[in-house]
Amino acid sequence: MWVFTASLPPPEWVQPVSDLSELITDPKYLQPSPWVHQILKLLDNSGNMEHNLDVYCHKFLIRLPPNFVAFVLHSDQLRGQFDVALRFFYWAANSLIRSFGSLGMVEELLWVWRRMKENGIEPSLYTYNFLMNGLVNLMFVESAEQVFEVMQGGKIGPDVVTYNTMIKGYCKLGKTQKAMQKFREMEVRNVEPDKVSYLTLMQACYSEGDFDSCLSLYQEMVEKELEIPPHAYSLVIGGLCKDGKSVEGYAVFENMMRKSCKANVAIYTALIDSYAKSGNMEEALRIFDRMKSDGFEPDEVTFGVIVNGLCKSGRLEEAMEYFEFCKLNNVAINAVFYSSLIDGLGKAGRVDEAEKLFEEMVEKGCTQDSYCYNVLIDALTKSGKIDEALVLFKRMEDDGCDQTVYTYTILISGLFREHRNEEALKLWDTMINKGITPTAASFRVLSTGLCLSGKVVRACMILDELAPMGVIPENAFEDMINVLCKVGRIEQACKLADGIVDRGREIPGRIRTVLINALRKAGNADLAMKLMHSKIGIGYDRMGSIKRRVKFRSLIDN
DNA sequence: ATAGGGTTAG
């Protein structure tokens, strides 16, 4: 008797619930329902109380809110009946641990766990699993790992749910590799993975952009004839679509329909977008129609995809029509519509209209985000209005809109085009000083500008500064050699090639190939031929035994 | 138990 009195739940668990009817009608505790009465009734029926509670709760999928448990323990019905209260607490402990786990209330969770231990309540498989789930939800994955090990060493071994919870934990930490290991360990331990195991892993792979693994997990599910939940299809189709494999995505979609699995708006939208991006706008529109005839209502994302697709394929008038349709039909208009349309107009040279749309956003109370600024700035720089673009750049800052690496890239490119090289360089420095990480694209723009103004060395120096920042632009040298060859600065291209090889930055053979291809592409077939049939770049000079490569420079040394 | 679809630079 004293045991229970001593470990009564802390009073703060009991929110001011003055009478039972309030508890019953509180939406937090389900709809006004007979289950609370029923449970209280079961408490009187002390003979088979636990069993009856189990059956009742299981049958109606009832999860006891902690407040309710506390309430019952403090209730008049149990006053003086400590044995019943204690038995009820034993029985409810699992439920409590589960609730506190998913609510992220670690103190309370451990309180219950300790009371169980103190009172000699043996944890069941469910208790362990709920505890694991609580710990994982609270991101205490290492603690969950320890519980897992205790289980493996004890008489209650981990089951599918335990494994799934552990896998979920690793996935939450981004340790997909470890999650995969745990998953494979299941087979060894003769625990059959279920659809939750697969789905958890697929979700993690999808989020990492590893669509291939996502797909092979799906295929494994098919082979094992597991039931495939709709979300698995979403992930597989979404992944294929993002990979540009619209046809494959569509095939999986048809598979899904054949199995009469219910599709959803997101899947249709992903397919429409994928077809639009692969340049097949007609097919995209066909799926759009099919979606509607299948009884799905396109939303602002679907319309956004359609508008963007039409803009990208130069069908601006149709895009504007859809845009107007959305405005008239209460489809939420957002900045994505505007950025697509402004970009479309800008690329078509209709800058005035683009500017008008940009201003319209203010009227409509739509925030001008960095995408919208960027596309308009791009449109302005490309139509010779770089100073207007710079004004917008300033306005962005005043508006508190993030200037991104895209913004800088667009402007740097524009300034170089106008031969305002110093300003371009200054902008690059500003970007670095603001802590914005450059990308391969941004360096490409910078190095092209510098190479064309004869500052190849400067470009190489800046490239060297990028490595410590963890930025390694792909094909940086290749791009620069290409640019130089294209404008006929063969001598500088060769000097650059020698510099790269001398400093051991690249394998001589690769640079040789790059230079040959660059010369060919630039229409200088003769020099390309000459380089190909010589030992320049890889061979040794006429002294033979002296290990010195023949300089690329000698190519033009006639 | 939960998430899954769209916009910008070279």
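When reading the values below, keep in mind they use all heavy atoms of this one structure, side chains included, and skip hydrogens, waters and symmetry mates. Naming convention: chains lettered A, B, ... in sequence-line order (proteins, then strands); numbering from 1 in each chain.
- Lys168(A) has its NZ atom 13 Å from the C1' atom of dA3(B), to the nearest Å.
- With rounding to whole Å, Tyr371(A) atom OH is found 6 Å from dT7(B) atom C1'.
- Within residues 392-427 of chain A, the residues approaching DNA chain B are Tyr406(A), Thr409(A), Ile410(A), by heavy-atom distance under 4.0 Å.
- In this structure, Cys326(A) and Phe303(A) approach most closely via the heavy-atom pair SG-CG, 3.4 Å.
- Residue pairs meeting the salt bridge (Lys or Arg N to Asp or Glu O under 4.0 Å) criterion with at least one member in residues 250-265 of chain A: none, sequence neighbours excluded.
- Remark: the Ser339(A) side chain and the dT7(B) base include a donor-acceptor N/O pair separated by less than 3.5 Å.
- Atom CG in Leu452(A) sits roughly 15 Å away from atom P in dG10(B) (whole-Å rounding).
- Of the residues in residues 195-216 of chain A, Val196(A), Gln203(A), Tyr206(A) come within less than 4.0 Å of DNA chain B through at least one heavy atom, sorted by number.
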Please evaluate residues Tyr338(A) and Lys364(A) with respect to the criterion side-chain hydrogen bond (donor to acceptor under 3.5 Å, both in side chains), reporting the C-alpha separation (whole Å), side-chain torsions for both, the decisive distance (0.1 Å), and the verdict. CA-CA 11 Å; Tyr338(A) 281 103; Lys364(A) 303 266 154 145; 5.5 Å; no
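- For dT8(B), the OP1/OP2 oxygens have no side-chain nitrogen or oxygen of Lys382(A) closer than 4.0 Å.
- At the heavy-atom level, Lys312(A) lies under 4.0 Å from the strands shown only through sugar-phosphate atoms.
- Applying the salt bridge (Lys or Arg N to Asp or Glu O under 4.0 Å) criterion to Glu360(A), with sequence neighbours excluded, gives Lys327(A).
- At the heavy-atom level, Asp479(A) lies nowhere under 4.0 Å from the strands shown.
- In terms of polar N and O atoms assigned as donor or acceptor, the side chain of Thr302(A) comes within less than 3.5 Å of the base of dG5(B) in a complementary pairing.
- Heavy-atom distances under 4.0 Å link DNA chain B to Asp299(A), Glu300(A), Val301(A) of residues 281-301 of chain A, given in residue order.
- dT2(B) atom P lies 18 Å from atom CD1 of Ile167(A), rounded to whole Å.
- For the residue pair Thr404(A) and Ser370(A), no side-chain donor N or O sits within less than 3.5 Å of a side-chain acceptor on the partner.
- Residue-level contact check: Thr439(A) touches the bases, meaning some heavy atom is under 4.0 Å from a base atom.
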What pairs of donor and acceptor atoms, side-chain ones from residues 311-321 of chain A against any protein atom, are under 3.5 angstrom apart with sequence neighbours left out?
from, atom 1, to, atom 2, distance (Å)
Lys312(A), NZ, Asn308(A), OD1, 3.0
Ser313(A), OG, Gly309(A), O, 2.9
Ser313(A), OG, Leu310(A), O, 3.3
Arg315(A), NE, Glu318(A), OE1, 3.4
Arg315(A), NE, Glu318(A), OE2, 2.9
Arg315(A), NH1, Glu282(A), OE2, 2.9
Arg315(A), NH2, Glu318(A), OE1, 2.8
Glu317(A), OE2, Arg350(A), NH1, 3.0
Glu317(A), OE2, Arg350(A), NH2, 3.2

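- When the salt bridge (Lys or Arg N to Asp or Glu O under 4.0 Å) test is applied to Lys175(A), no partner is found at least two apart in sequence or on another chain.
- Atom P of nucleotide dT7(B) and atom CD1 of Ile306(A) are separated by 13 Å, given to the nearest angstrom.
- Each of dG5(B), dT8(B), dG10(B) was ranked by its minimum atom distance to the side chain of Asn308(A); first place goes to dT8(B).
- Listed by first and then second residue, the salt bridge (Lys or Arg N to Asp or Glu O under 4.0 Å) pairs that reach into residues 404-418 of chain A come to none, sequence neighbours excluded.
- For Glu300(A), the salt bridge (Lys or Arg N to Asp or Glu O under 4.0 Å) test picks out no residue, with sequence neighbours left out.
- Tyr268(A) pairs with exactly one of Phe253(A), Tyr233(A), Phe288(A), Tyr250(A) by the ring pair (Phe, Tyr, Trp, His ring centres under 6.0 Å) rule, that one being Phe253(A).
- Shown here are the salt bridge (Lys or Arg N to Asp or Glu O under 4.0 Å) partners of Glu297(A), two or more places apart in sequence or in another chain: there are none.
- Summarising the geometry, the separation between CD1 on Ile342(A) and P on dA9(B) is reported as 13 Å, rounded to the nearest angstrom.
- One can place CG of Asn334(A) at 13 Å from C1' of dG5(B), the figure rounded to the nearest angstrom.
- Among dA9(B), dT2(B), dG6(B), the nucleotide with an atom closest to any side-chain atom of Lys242(A) is dG6(B).
- Here the nucleotide nearest the side chain of Thr269(A), chosen from dA3(B), dT8(B), dG5(B), is dG5(B).
- Summarising the geometry, the separation between CD1 on Ile267(A) and C1' on dG6(B) is reported as 16 Å, rounded to the nearest angstrom.
- Among residues at least two apart or in separate chains, salt bridge (Lys or Arg N to Asp or Glu O under 4.0 Å) pairs with a member in residues 193-214 of chain A are Lys195(A)-Glu227(A).
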Please tabulate, for side-chain N and O atoms in residues 470-487 of chain A, each donor-acceptor pair with protein atoms closer than 3.5 Å (sequence neighbours left out).
from, atom 1, to, atom 2, distance (Å)
Asp479(A), OD1, Arg444(A), NH1, 3.2
Asn482(A), ND2, Glu478(A), O, 3.2

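- Contact between the side-chain N/O atoms of Lys347(A) and the OP1/OP2 oxygens of dA9(B) is found at a separation under 4.0 Å.
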